[in-house]
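Worksheet: one structure, shown below.
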Amino acid sequence: MLLVEKHIIKSSSSFFKEIDALAFISKNLYNSINYIVRQYYFLNNKHIKFKELYEEFKKLEAYKQLPAKIS
């Protein structure tokens, strides 16, 4: 069984713009990291170590835009 907590934030909420912007940046960060992992696997036929991955994604602009607690 999967438990999910769902929050619905209406566009009239005062937090909507901030949450929408953070979600957009978060999506971009996920896609960038996914690309790095896939390219490393295709080139080397093995998984990238987290330490190497962290060194790569902390340079990304999307990582720098998100608050430390989120990224």
Side-chain angles (χ1 to χ4, degrees):
M1 175 168 70
L2 295 174
L3 299 177
V4 176
E5 188 172 327
K6 188 175 186 180
H7 298 274
I8 300 173
I9 298 149
K10 296 182 181 180
S11 58
S12 59
S13 172
S14 61
F15 299 113
F16 181 78
K17 285 185 180 181
E18 181 180 4
I19 292 171
D20 187 48
L22 289 174
F24 183 77
I25 296 168
S26 179
K27 176 208 46 116
N28 289 343
L29 180 62
Y30 173 81
N31 287 339
S32 299
I33 293 170
N34 191 34
Y35 178 79
I36 292 169
V37 169
R38 288 174 50 89
Q39 291 305 308
Y40 185 88
Y41 183 78
F42 292 147
L43 294 173
N44 302 313
N45 261 355
K46 55 184 172 180
H47 296 285
I48 190 169
K49 292 184 168 74
F50 180 76
K51 187 174 181 178
E52 295 173 40
L53 181 62
Y54 180 70
E55 293 299 321
E56 287 295 318
F57 75 78
K58 73 179 183 180
K59 300 174 192 172
L60 297 173
E61 191 62 33
Y63 179 78
K64 294 175 185 175
Q65 290 176 343
L66 287 175
K69 196 180 238 185
I70 297 172
S71 57

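Counting begins at 1 with the first residue of the sequence.
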Between atom [atom1] of [X] and atom [atom2] of [Y], what is the distance when rounded to the nearest 0.5 Å?
X     : Y     : atom1 : atom2 : answer
Leu43 : Ile48 : CG    : CD1   : 10.5 Å
Asn34 : Gln39 : CG    : CD    : 10.0 Å
Phe15 : Glu18 : CZ    : CD    : 7.5 Å
Gln65 : Asn28 : CD    : CG    : 8.5 Å
Asn45 : Tyr40 : CG    : OH    : 11.0 Å
Lys64 : Glu61 : NZ    : CD    : 6.0 Å

Closest approach of Ser32 to Leu60 (non-hydrogen atoms, all atoms of both residues): CB-CD1, 3.6 Å
So His47 and Tyr41, do their side chains get closer than 4.5 Å, heavy atoms only?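 Counting from C-beta outward, Tyr41 and His47 do come under 4.5 Å.
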Please tell me if the side chains of Pro67 and Leu22 come closer than 4.5 Å, counting only heavy atoms from C-beta onward. yes
In terms of relative ring orientation, are Tyr54 and Phe57 parallel, tilted or perpendicular, with 30° and 60° separating the classes?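 Aromatic pair Tyr54/Phe57 classed perpendicular.
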Under a 4.5 Å side-chain heavy-atom rule over Ile, Leu, Val, Met, Phe, Trp and Tyr, are Tyr30 and Tyr35 clustered together? no
